[in-house]
2 protein chains.
Amino acid sequence: MNSFTEENYLKALFNLSNEKGEVSVNELSRQLQLKMPTVNSMMKKLAEKKLVIYESYKPLRLTEKGKKEAGIIIRKHRLTEMYLVEKMGFGWEQVHDIAEQIEHIKAPELFARMDTLLGHPTVDPHGSPIPDKNGKIRWLHYTKLSDCAEGETVKLAAVTHSSDEFLKFLNGRSLNLGVKLRIKKIESFDGTMEVSYGKRNAETLSKIVCEKLLVEKNL
Amino acid sequence: MNSFTEENYLKALFNLSNEKGEVSVNELSRQLQLKMPTVNSMMKKLAEKKLVIYESYKPLRLTEKGKKEAGIIIRKHRLTEMYLVEKMGFGWEQVHDIAEQIEHIKAPELFARMDTLLGHPTVDPHGSPIPDKNGKIRWLHYTKLSDCAEGETVKLAAVTHSSDEFLKFLNGRSLNLGVKLRIKKIESFDGTMEVSYGKRNAETLSKIVCEKLLVEKNL
DNA sequence: TTATTTTGTTAGATTAGTCTAACTTTATAT
DNA sequence: ATATAAAGTTAGACTAATCTAACAAAATAA
């Protein structure tokens, strides 16, 4: 059985891996807010346990076993977030920190129950996919709003790097998942977008915001 | 903020205190399955933090602060048990181990929500009282079934030392909280009781069992 | 009352997870 | 191509929580 600490390393590694499949010690240490030597020695430990592939001066990679374990932790996190929102009435901006703790609970029945009560959800309240019981994630094919063109109509499908403040910002303008957005205008010099959706006819979203919003194009 | 470890000491101390108000290092070390020197040094640490009163060779006592913190942990434990049973469909024999983990979660909103969704329950699924938000417990005035007399009719109110197996044993004979029992006969030589309740007309309960069942007499 | 057992304490070792300081390797920028 | 910067590694220290071994005090029994 892995400790909370080890689980946090696996999860961070999994999340950082997802673009390149490889992660530097430096990156991981920044993510976890730990010093490099700390991370370095934990990587050796996880390599012993066959969870990570570690070679001196090479980037880090998760083994299949490591990916599976990380996936299961992320599954627990996202099921919990969904449960807190759907069954307990929390807002999507409130659930991350709680799920961060509950994800480490050793009680498969608990998460199985959440899954059942929620009707086997496939995404969490922020639109991120929930890995299956084997930790396998089904990748979704979303596009950044910032990569869309003027005149397109798209559906808001997920938000990335969802901090408290950002989610409250979205709440404030009723930007909930599922909302259909029409891109009225893009300012070419700074990437600011003017969009309309629901009852709002002309909301302005900075490029920074548009880069954090993932949308579905084939409507 | 206290560690999980410290919280477990406080909780154990609280639970053991409830008869005498005082606990020996030996008792506590047995309860926690730790060696005496381990407990001893933790007691010094908790004494520094003003959670425990520790004097060499004297029994241990919780301070008011210690009682409050312990009470709050027990509140979280019992609210969780109740939530798991009432809202998630677990059996009363399944919830202890899960609650043992969730009780350490730092998220007052989570427990406040459970409390609300449950309608401010005062007892957990085993009949134990749930401390209030300040950790204060309202003691209940129950009697052991084994202390009742032949001919009495009583209501099953709580079970003590509720292990998995014992709870399953009770499930097996529909001995749920709230059931009204009539004591038909007590074997004087071994304390075995013959009781009737619900559809069951002559169940035999050993003294060991009767000592673990708490009942309400004033019906 | 003295001897024995039980309980409590002290001292020192161990493990997990963190750190800083010093050094090495790799990458980057003249 | 070499100097400098960034990233990675090693060595050694620290804290929390545990342990064992040895010793001290208190309780119990003879």
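Chain letters run A, B, ... following the sequence lines, proteins first, then strands; residues in each count from 1.
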Atom pair OG (A:Ser56) and CG (A:Asn40), whose distance is rounded to the nearest 0.5 Å
7.5 Å
Provide, to the nearest angstrom, the distance between the NZ atom belonging to A:Lys58 and the P atom belonging to C:dT26.
9 Å
Nearest whole angstrom, please: distance from the P of C:dC23 to the CG of A:Asn40.
18 Å
Separation of C:dT6 C1' from B:Asn26 CG (nearest whole Å)
8 Å
Sub-6.0 Å ring centroid separation between B:Tyr83 and B:Phe90
no
Going by the rule side-chain hydrogen bond (donor to acceptor under 3.5 Å, both in side chains), which residues pair with A:Lys58 if we only count those two or more places apart in sequence or in a different chain?
none
Closest to the side chain of B:Ser56, out of D:dG8, C:dG8, C:dT9, is C:dT9
d(CD, A:Glu6; C1', C:dT15) in whole Å:
12 Å
Residue-phosphate contact under 4.0 Å: A:Tyr54 side-chain N/O, D:dT9 OP1/OP2:
yes
May I ask you to decide if the ring planes of B:Phe4 and A:Phe4 are parallel, tilted or perpendicular, using 30° and 60° as cut-offs?
perpendicular
Whole-Å gap separating C1' (D:dA6) and CD (A:Glu27)
14 Å
Identify which one of B:Leu110, B:Ile102, B:Ile105 satisfies the side-chain contact (heavy atoms from CB on, under 4.5 Å) criterion when paired with A:Gln101.
B:Ile105
Looking at B:Lys44, I'd like to know whether one of its side-chain N or O atoms comes within less than 4.0 Å of OP1 or OP2 on C:dT10.
yes
What's the spacing between A:Tyr9 OH and A:Leu60 CG if we round to 0.5 Å?
11.5 Å
Answer with base, sugar-phosphate or nothing: what part of the nucleic acid does B:Phe4 contact at a heavy-atom distance below 4.0 Å?
nothing
Of the residues in residues 96-105 of chain B, which ones touch DNA chain D at a heavy-atom distance under 4.0 Å?
none
Gap between atom OG1 of B:Thr63 and atom NZ of B:Lys49 - 0.5 Å precision:
12.0 Å
Atom pairs under 3.5 Å, N or O on each side, protein against nucleotides 18-20 of chain D: can you list them with distances?
unit_1: D:dT18; atom_1: OP2; unit_2: B:Tyr9; atom_2: OH; d: 3.0
unit_1: D:dC19; atom_1: OP2; unit_2: B:Lys35; atom_2: N; d: 3.1
unit_1: D:dC19; atom_1: OP2; unit_2: B:Thr38; atom_2: OG1; d: 2.6

Can you find a heavy atom in the side chain of A:Lys217 that is under 4.5 Å from one in the side chain of A:Cys148?
yes
Identify whether the distance between the nearest side-chain nitrogen and carboxylate oxygen of A:Glu187 and A:Lys207 falls below 4.0 Å.
no
What is the separation between atom CD on B:Glu55 and atom P on C:dT9, rounded to the nearest whole Å?
11 Å
